[in-house]
Every structure is written in C-alpha cells, then in structure tokens.
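Heads up: the structure comes next, in structure tokens.
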Amino acid sequence: EVKLVESGGGSVQAGGSLRLSCAVFGTTISRSCVGWYRQAPGKERQGVASVYTGGGDGSTKYADSVMGRFTISYDNGENTVYLEMNRLNDEDTGIYYCALVPRSCVPLRYQHFFDRWGQGTQVTVSS
C-alpha cells in the first residue's frame, strides 16, 4: 500500500519558519513528481511547489506567492520530500498536503495529475 505521511506543521508567528516533511511508504519517490498543495479555510486547494526527483535543471516549480520564500527538496535515500518555508505570513495558513505521481511534473494547477495524496498537516501563521 502506498502511503504519504506529512509532518512538521504547527503554529508559528508571522516572519517565522517551518519545515514540512512528506515521508513516502510502499513506493519509491525516485523519478517521480512530488508536489505540495495547501488549502486555506474556505478556499480551494492550490499548488505550492513541486519537484521531479529524477533530477535535471528546472525540475522545481513554485507558486508565485511562495517564490523566494519556500524551497522544495528531496532525499531519495530517505524516500522523503521536504518543504522549507521561510518568512511565513498569515496567507500561508492552511492544511498542507503532499502528492505523488511516478512521472515528470506538469504545471501546479493540474492537481488531478497526482494519484497519491497524504492526509495533510496543519500550518497556522499568526500575526
């Protein structure tokens, strides 16, 4: 059974940082697209960042709202994908989900492209 488990969420003050982890079980993250999405209260789920774990230049994608503040990375040995979030603001509040599909990435808006999703981890930013 393939399972994605997010962790690292919590409450933080504006300007602070958090590091989310997405541990993948039952399959390898190698040569896969892994994405982070978030759903703010009362809003639709939106893409945050994605990375193709097969390497190569230009394999990461970011939403405009997080560019320069968030960094997505991965560790094939740990079978885990990370999201480093810096300079957080209240608009970053939401449930963060990781998602995986065993192929190259497509634009973040195509979230139906992913066939495996985690249960999410809550991030709350207070000002």
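Considering only residues two or more places apart in sequence or on other chains, Arg19 meets the salt bridge (charged side-chain N to carboxylate O under 4.0 Å, His left out) condition with Glu84. Take Ser73 and apply the side chain to side chain donor-acceptor pair (under 3.5 Å) test, not counting sequence neighbours, and it matches no residue.
Side chain of Gln39 to backbone of Gly94: no donor-acceptor contact under 3.5 angstrom is found. Side-chain atoms of Asn86 do not come within 3.5 Å of backbone N or O of Ser17 as any donor-acceptor pair. Side chain of Tyr74 to backbone of Ser30: no donor-acceptor contact under 3.5 angstrom is found. The backbone N or O of Arg87 sits less than 3.5 Å from a side-chain atom of Arg69, completing a donor-acceptor pair. Of the possible donor and acceptor atoms, none in the side chain of Thr124 sits under 3.5 Å from a partner among the backbone N and O of Thr93. Glu6 places a side-chain N or O within 3.5 Å of a backbone atom of Cys98 that can act as its donor or acceptor partner.
Scanning both residues, Ser21 and Thr80, for their nearest heavy atoms gives CB-CG2, 4.2 Å. Closest approach of Cys33 to Ser50, counting heavy atoms only: SG-CB, 4.1 Å. Nearest approach of Val24 to Leu4, heavy atoms of both residues: CG2-CG, 4.1 Å. Residues Thr27 and Val2 approach most closely at CG2-CG1, 3.8 Å, considering heavy atoms. For the pair Val12 and Leu88, the tightest heavy-atom approach, listed with the atom from each and the gap, is CG1-CD1, 3.6 Å. Listed here is the closest heavy atom pair of Phe113 and Val101: CE2-CG1, 3.0 Å.
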Test side-chain contact (heavy atoms from CB on, under 4.5 Å) on Tyr37 and Leu108 and set out the steps. CA-CA 9 Å; Tyr37 286 76; Leu108 286 168; 4.1 Å; yes
For a side-chain contact (heavy atoms from CB on, under 4.5 Å) check, start with the C-alpha distance between Ile72 and Tyr62, then their side-chain angles and the critical distance, and finish with the verdict. CA-CA 9 Å; Ile72 189 169; Tyr62 294 96; 3.4 Å; yes
Worked check of side-chain contact (heavy atoms from CB on, under 4.5 Å) between Val125 and Met85: CA-CA 11 Å; Val125 183; Met85 307 187 295; over 6 Å; no
If you apply the rule side-chain contact (heavy atoms from CB on, under 4.5 Å), what do you find for Thr53 with Asn76, and how did you get there? CA-CA 8 Å; Thr53 63; Asn76 279 324; 4.1 Å; yes
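Other residues, nucleotides and ligands contribute at most 12 non-hydrogen atoms within 6.0 Å of the CD atom of Gln119.
Side-chain contact check for Asp92 versus Ser65: every heavy-atom pair is 4.5 Å or farther apart.
The CD atom of Gln111 sits 8.5 Å away from the CD atom of Gln46 when rounded to the nearest 0.5 Å. A distance of 10.5 Å separates NZ of Lys61 from CE of Met67, quoted to the nearest 0.5 Å. Between the OH atom in Tyr52 and the OG atom in Ser104 there is a gap of 4.5 Å [rounded to 0.5 Å]. Here Thr121 contributes atom OG1 and Leu83 contributes atom CG; the two are 11.0 Å apart, rounded to the nearest 0.5 Å. In this structure, CZ on Phe70 lies 8.0 Å from CG on Leu20, to the nearest 0.5 angstrom. For the atom pair CZ (Phe114) and CG (Leu100), the distance works out to 8.0 Å, reported to the nearest 0.5 Å.
Note: Trp117 and Tyr97 have perpendicular aromatic rings, judged against thresholds of 30 and 60 degrees for the angle between ring planes.
Residue Val123 is grouped with residue Val66 when hydrophobic side chains (ILVMFWY) are merged at heavy-atom distances under 4.5 angstrom, including chains of intermediate members.
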